[in-house]
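Every chain is numbered from 1, with letters handed out A, B, ... down the list of sequences.
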Number of protein chains: 2
Amino acid sequence: MENVVIKERLAGLRESMKNSGIDYYMMPTSDFHNSEYAADFFKVREYFCGFTGSNGTLVVSQDWAGIWTDGRYFIQCAKEIEGTGVTMFRMGDAGVPTIKEYLVENMKEGQVLGFDGRVITSQIGLAMEKALSDKKVTIKYGQDLAEGVWTDRPKLPCHDMYVLSDELCGKSFKDKLADVRAKMKENKCQAHLLCKLDDIMWLTNLRGNDVECNPVALSYAYMTEDEFYLFVQKEEVTKEVEDYCKANDIKLRDYHSVVDFIAGLKNPGQVMIDKKNVNYTVFRTLSDVATIVDVKDPTTLMKAMKNDVEIKNIREVYLRDSAALVKFMYWVKTNVGKIPMNEYSVAMHLDKMRSELPGYIELSFPTICAYKANAAMMHYEATEDDYAEIHPEGMLLVDSGGTYMGGTTDVTRTMVLGPISDEIKKHYTHVCMGMLRLANARFLHGCYGRNLDILARGPIWNMDMDYKCGTGHGIGYMLNVHEGPHNIRWAFREGMEDNQLEKGMIVSDEPGVYIADSHGIRIENILEVVEGVNNSDGQFMHFEQLTYAPIDLEAIDTSYMEKSDIKALNDYHAAVFEKVAPLIKEPEIVEWLKEQTRPVQ
Amino acid sequence: MENVVIKERLAGLRESMKNSGIDYYMMPTSDFHNSEYAADFFKVREYFCGFTGSNGTLVVSQDWAGIWTDGRYFIQCAKEIEGTGVTMFRMGDAGVPTIKEYLVENMKEGQVLGFDGRVITSQIGLAMEKALSDKKVTIKYGQDLAEGVWTDRPKLPCHDMYVLSDELCGKSFKDKLADVRAKMKENKCQAHLLCKLDDIMWLTNLRGNDVECNPVALSYAYMTEDEFYLFVQKEEVTKEVEDYCKANDIKLRDYHSVVDFIAGLKNPGQVMIDKKNVNYTVFRTLSDVATIVDVKDPTTLMKAMKNDVEIKNIREVYLRDSAALVKFMYWVKTNVGKIPMNEYSVAMHLDKMRSELPGYIELSFPTICAYKANAAMMHYEATEDDYAEIHPEGMLLVDSGGTYMGGTTDVTRTMVLGPISDEIKKHYTHVCMGMLRLANARFLHGCYGRNLDILARGPIWNMDMDYKCGTGHGIGYMLNVHEGPHNIRWAFREGMEDNQLEKGMIVSDEPGVYIADSHGIRIENILEVVEGVNNSDGQFMHFEQLTYAPIDLEAIDTSYMEKSDIKALNDYHAAVFEKVAPLIKEPEIVEWLKEQTRPVQ
């Protein structure tokens, strides 16, 4: 069926492109800071093609439109763009061109590529420039073409900021800034421009509320050897924040003045930036006045290696969050078929349970509650108007988390609600083995996630199947649920971050099986990287579990498991009961948990 | 005890350095072609410090000398340099400076670094230039200081070359050259200078005998869109080779004229080279006359992906070689304690058995036969004068292989000769599990060795132990026993080659345990990379075994093994018997093999 709404919007955009002399217009999924989750104001790509996933870039010409997205979203995207005339490009699949390759192949000499330079990273903008220079393509980056067409566009978000105590953060802003300045010195830089929102929040010990589920304020930070400028929307600065900034020598400037500020810098010298986190407009402005030194933002690694205070708080927060999840699982499994349940109402129920936990701030991402075949769409999200009813059969996948004073959580459990096939049991058991094998890895310091990925993915590969995403991502401390620089995956695409696994990092462990139109299984625990033995062979490392919630034994077929897998499952379940039962008051739930965590053979 | 011989040699070198105005003199382990095994003529580093391993670089100043080597050789090197005053630097260990770092730290402004530019790759030479430029260090690369000091130096090797038939190679020189020229075109190059010996041999379907255990001729190749020049020592060109070259439009030039030839090139245009395989002297000469395009030598990947004819021949050769090894193992295990045996005599016995196989050319490397604690030195080599006696106790490690018409083999078995400790059984069992787990891996096309290494190494890491080397290397076809570009390892050092695993590659699988002064265990099979299922998740890959020889069940303790490990061992042993027994005439050996390959529980 034709999607008239989208087609009309595209027609409007094409009209606007014609007026601006733009032949191809590119719309990524980003705010001005390359944030993973963009505020509604920035959802231009979604507006013009209907695809709601968290990663995708739309490119439009007068007679064609294409959306590029990754393996997590192939099923969902195909569904959402039906009838729009937009073509999907499956990133990473063999023979599928990248956007750059597509444009080099299809743009004609002398044509014009347009994009809003503020929502394109300088890395991508520069790569486009280079790739298209042979074709003499001009780049116009000064206009946001959505402005004229998207008439009911939401406003740029603007919410109060707040201050976290040094006690809660384990390290003061001034101490963190001293570390960053040491890195500036190491790189022979006199200044550093930081544009990544969660890095700015981490560094300043401030938080905001401008992006859904990310406790960040829209901001830029510019620091020299003795000054620190913070650019935020004036309306967000509470008295508390203003006093804190004064006390810490943070010079507040208006968010919208940053480009002018940069343009007006007098002899800033060498300025350290991370090209992948600086937008093209800011980069072009800065490179006119300064010598640019492109290195990784040092805050990214500092932020990822949690300090002792953060780790202590995270462990506690994860236990409380796990206990809430256990109660939720009890509620679902004992009530399904007895009371009405649908994907949306169940998600609301869980969200409400979390919101009642001490120190609750917000969800760390919109809860995914996906029943049966819907779970095959990795990041499916039911809405108030579009959901499936839940019955006592098949499985329910729930991927959820919260941000609390003391940590940000993320956890997935796939629950058996009634009869399931032997094939599903086989798949579930292999996913469980993968999760536990990675969690129990022992490895030498120096390993990257790519060295370990096969521990989680191997059981899936052994069935000649794959899940089309990484196995694990870093997680912020009262910050974004996805953060780098480390990860656990086997294959790399251009521009991906990477880092060896270091003590204090936390990382998710979430293998899965996704069978389109049938079922989806994901089990996700969060792991902490800890040091093991140090001997003449080196520093050994391993993981500690942060998540303690039962794996559904109704879906486990131990005939597929090695003896070490069975031991790992039983050990994990024993720990779940030992750690979580004391946090649960209701004796019937404790009893239920005892049964759910019983040893298997 | 003082090593007077080495100290006198170093004194001679230092005298020569003084005369030449050189403050630090660097001697790597290489011929003019960055070959892994250098001919005796090139063993300058060994001459001046006594360390005989296959990888090491010696740096000497007036009052200090240091040898850098890798983890395979830490034990051996320390032993061999005792009393020389030379300091060992353990490459890859935490806190140990690289040579470059050491020189940057220790050389004084305006000092002179010397080396023979022909035995230093351009990559390393250029990196040294760059690193030392701040210190205004001058580089002198025109002299081989060993010339005056090493009076009884062996001559440059010079042996007859020979021609392999197109039938044996599966592809003619002209067809291979067409592929290389396509790569030249792809890189917009008008010419290609190839300096890597085994690549030149592979491309021309010629072989030589100038390097111990490597069937290669000292040579250079220079090719344009319509010409092909081969630089070899005139004395090596037999009538057969001359006729072959004429028939194939190969223009023969003298080996020693290559630098003059390059210097005299008229407008060669863009010349494709691989900096890491071109020596510094040749590079400096070429860069004066041509525009250099630095890419990987395309022959390296072509050579690594064996064609169907090569694979067919390799499989047959490995079976015959396995059968010979089985007979050898029978001989050792049934005769130990009854007849006198020592490491050297046993190696000779095996070498003789191989030499009697059809199509035998030479050993693929000097046989390693290491008894008990000697096996802890990864590349220990007993000699006619220095060996251990072998008794019916402990274990014997034998790492050996041959080059035959039809393939090059490499295999390691560690055999139980008598009573062994439970600790040794534990270690042996874990090594066996590692070898089999990697061999039975299933993975997606696109994987590198680093994605798989943990399958072999994991069981060792699980004991908080490590082996300080890669798990696997590529192997040539009637060529070098170590070849790239792929490998199986987890950590990378600067300059290491790497490639994803492709159909037709062959790779070793050789985890180990090495306990200094106690024991060493290595089990090495060779695997072929083959394609598995191709489905919507991608092209799955796995390995096929090429090596079929029993794992010593006397050292296996199945209580450490998973059920899949036991199945893998039994399946492998069943295949060993099925494939090798038909090749053995002696009924008593067949019976013994049946027993050795019995299923375990």
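The shortest non-hydrogen separation linking A/Asp537 to B/Asp464 is OD2-O, 4.4 Å. Residues B/Trp461 and A/Cys447 come closest through the heavy atom pair CH2-SG, 3.4 Å. Considering every non-hydrogen atom in both A/Lys563 and B/Met561, the closest pair reads NZ-O, 2.9 Å.
The neighbour count for A/Lys135 NZ, taken as heavy atoms of other residues, nucleotides or ligands under 6.0 Å away, is above 12. The 12-atom threshold is exceeded at CD of B/Gln539, counting heavy atoms of other residues, nucleotides or ligands nearer than 6.0 Å.
If you take CD1 on A/Ile566 and CD on B/Glu562, they are separated by 9.0 Å, rounding to the nearest 0.5 Å. Of the inter-residue distances, the one linking A/Tyr448 atom OH with B/Arg450 atom CZ reads 9.5 Å to the nearest 0.5 angstrom. Rounded to the nearest 0.5 Å, atoms CG (A/Leu452) and CH2 (B/Trp490) are 9.5 Å apart.
In terms of heavy-atom pairs under 4.5 angstrom with chain B, the leader among A/Leu444, A/Asp93, A/Asn440 is A/Leu444.
Only the side chain of A/Phe540 has a heavy atom closer than 4.5 Å to any heavy atom of chain B. For chain B, the nearby part of A/Lys468 is the side chain; its heavy atoms alone come within less than 4.5 Å. Of the two parts of B/Ile460, neither the backbone nor the side chain holds a non-hydrogen atom closer than 4.5 Å to a non-hydrogen atom of chain A. Only the backbone of A/His445 comes within contact range of chain B, with heavy atoms under 4.5 Å apart. Both the backbone and the side chain of B/Asn451 come within contact range of chain A, judged by heavy atoms closer than 4.5 Å.
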